[in-house]
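Structure first, then comments.
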Amino acid sequence: MPPRPAPAETRADTAGSAGATDAPPDVAALHRTLLDWYGATARDLPWRAPSATPWGVLVSEIMLQQTPVVRVEGPWRAWLERWPTPADLAAAPTAEVLRAWGRLGYPRRALRLQQCAAAIVDRHDGVVPADESALLALPGIGSYTAAAVAAFAHGRRAVVLDTNVRRVLGRLTRGEALPRPHLTRGENAAAAALLPTDAATSARWNVAVMELGALVCTARAPRCEECPVRASCAWLAAGRPADEHADRRRTQAWNGTDRQVRGRVMAALRAADGALTREELVVAAGCGDEQALRCLASLVDDGLIGPVGEQDGSYALGG
DNA sequence: AAATCGGGGGC
DNA sequence: GCCCCAGATTT
């Protein structure tokens, strides 16, 4: 199934044609190899279907921030069926938006997505902008998402650098096992230099590199023997050296954290389709009173929950 | 630059 | 049990 974006693979980068890319022959060959692989291997994800709207693409990108593809598909379909346009989401009750977000995690994304929808209605007449800087100015949209929406929803030429692309390019061109915790200017320049000149081809290149990172050039157990560009890979050529900055990575603790407690409170409120008393929420929090109350306060502060009634004794989803 | 912010699945 | 996942925002 030919995934979006890319009506037809642009062949302008084949030798001799006037055109789409002035890349040296080896880079042009790399482009063609990976683009062909993508055409043959890409997953049939719903937000890549020709019928997907720019709004659908934007929603997918927000949902996919730190959440794996397999967990997003279901919620994404339900979301777009319920709120097919930015105006629909902007008009929805925030409690319903948070409930529909379900267990995708980081529920502030749901809040910001609704704010984003409202901003699109206000500033752009309800139309998802194509300009990267206009996208960047919207709530919940950072550098990655702005580039991704410009490229995948509108076919613009943009440097899309997510964790997959950073890992693939780091291995391919610099021979590094894993990217650093923070994006560097060098990575941005390297990615920009490799980006095909033609807009439609560049958009397809971006998603192809991402797909390679998701399916083959994975963080854990890369399947180099299946990699279409293994012959050009600096990391493989160097014998797949281990990550140089492994000692700097430390995974955040989970048990007993405010994040866990906040998650339990949100889960309880999603399940209850109304308000719950403070006492019920403290029980749901599953921790000491002090931490439970602190978390309730922070959730109120974030606009994820709000007091109900005059007594301030119970809370519901939404501000 | 560092901290915070969910939740689940693979290994 | 550890690590990672189509990151963004705030301090």
Side-chain angles (χ1 to χ4, degrees), chain A residues 3-5 42-43 45-48 52 56-76 98 101-113 115-116 135-153 158-168 177-184 191 203 206-215 217-223 242-243 245-270 294-295 298-299 301-304:
Chain A
R4 220 172 188 262
R43 292 168 292 180
L45 302 176
W47 45 87
R48 290 180 185 163
V57 173
L58 192 159
V59 171
S60 78
E61 294 300 341
I62 301 292
M63 289 184 170
L64 287 163
Q65 291 168 357
Q66 298 292 283
T67 304
V69 166
V70 288
R71 292 178 45 203
V72 166
E73 282 203 56
W76 181 87
L98 289 168
W101 193 255
R103 305 159 119 186
L104 287 174
Y106 294 139
R108 291 194 290 200
R109 289 183 294 167
L111 226 44
R112 294 196 181 117
L113 180 54
Q115 293 163 0
C116 179
L135 287 161
L136 199 50
L138 296 170
I141 296 190
S143 59
Y144 161 74
T145 306
V149 172
F152 305 145
V159 178
V160 177
L161 273 175
D162 76 323
T163 185
N164 287 307
V165 175
R166 294 186 62 212
R167 186 178 57 251
V168 170
L178 293 174
R180 291 178 173 72
H182 298 294
L183 186 61
T184 67
N206 280 321
V207 72
V209 177
M210 246 193 262
E211 193 75 341
L212 186 71
L215 299 182
C217 194
T218 57
R220 242 21 114 56
R223 317 164 82 174
D243 180 21
H245 351 70
D247 38 339
R248 292 190 146 211
R249 308 171 188 283
R250 59 151 190 251
T251 109
Q252 295 164 314
W254 174 247
N255 282 322
T257 60
D258 284 2
R259 297 169 73 172
Q260 183 184 41
V261 171
R262 286 164 53 106
R264 290 195 191 116
V265 170
M266 290 298 289
L269 284 171
R270 283 197 305 269
R294 178 177 71 237
C295 288
S298 75
L299 287 168
D301 204 50
D302 289 344
L304 289 167

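- A residue-by-residue look at A/G105 and A/V70 shows that A/G105 has its nearest nucleotide of DNA chain B further toward the 5' end.
- Here A/Q66 reaches the OP1 or OP2 of C/dG7: one of its side-chain N or O atoms lies under 4.0 Å away.
- Between the P atom of B/dA3 and the CZ atom of A/R259 lies a distance of 13 Å, rounded to the nearest Å.
- Across the interface with DNA chain B, nearest-nucleotide mapping of A/D302 and A/R220 shows A/D302 to be the residue nearer the 5′ end.
- Proximity of A/T67 to the phosphate of B/dG6: no side-chain N or O atom is located under 4.0 Å from OP1 or OP2.
- Considering only side-chain N and O atoms, A/R167 lies under 4.0 angstrom from the phosphate OP1 or OP2 of C/dC5.
- Distance A/Q260 CD to B/dT4 C1': 16 Å, rounded to the nearest Å.
- When rounded to the nearest whole Å, the span between CG of A/L113 and C1' of C/dA8 equals 13 Å.
- Spacing between atom CZ of A/R103 and atom P of B/dC5 amounts to 21 Å, rounded to whole angstrom units.
- A donor-acceptor distance shorter than 3.5 angstrom exists from the side chain of A/R48 to the backbone of A/R43, with no hydrogens or angles considered.
- In this structure, A/R109 contributes its side chain and A/G140 its backbone to no donor-acceptor pair below 3.5 Å.
- Rounded to whole angstrom, the span from the CG atom of A/L178 across to the P atom of C/dC4 amounts to 6 Å.
- Across all strands shown, A/T218 has no heavy atoms under 4.0 Å from either base or sugar-phosphate atoms.
- In this structure, the CH2 atom of A/W76 is 20 Å from the C1' atom of C/dC5, given to the nearest Å.
- Nearest to the side-chain atoms of A/R71 among the listed nucleotides C/dG7, B/dG7, C/dC4 stands B/dG7.
- If you check every strand for non-hydrogen atoms under 4.0 Å, A/S143 touches sugar and phosphate atoms only.
- Rounded to a whole Å, the CG atom of A/D258 is 15 Å from the P atom of B/dA3.
- Counting non-hydrogen atoms under 4.0 angstrom, A/L161 reaches nothing in the nucleic acid.
- Here the CZ-CG distance, from A/R223 to A/L212, works out to 11.5 Å after rounding to the nearest 0.5 Å.
- In this model, the phosphate group of C/dA8 is not approached by any side-chain N or O of A/R112 to a distance below 4.0 Å at OP1 or OP2.
- At least one donor-acceptor pair under 3.5 Å links the side chain of A/N206 to the backbone N or O of A/A158.
- For C/dC5, the OP1/OP2 oxygens have a side-chain nitrogen or oxygen of A/T163 closer than 4.0 Å.
- The distance between atom CD1 of A/I141 and atom P of C/dA6, rounded to the nearest whole Å, is 19 Å.
- Comparing B/dG7, B/dC5, C/dA6 by their nearest atom to the side chain of A/R270 picks out B/dG7.
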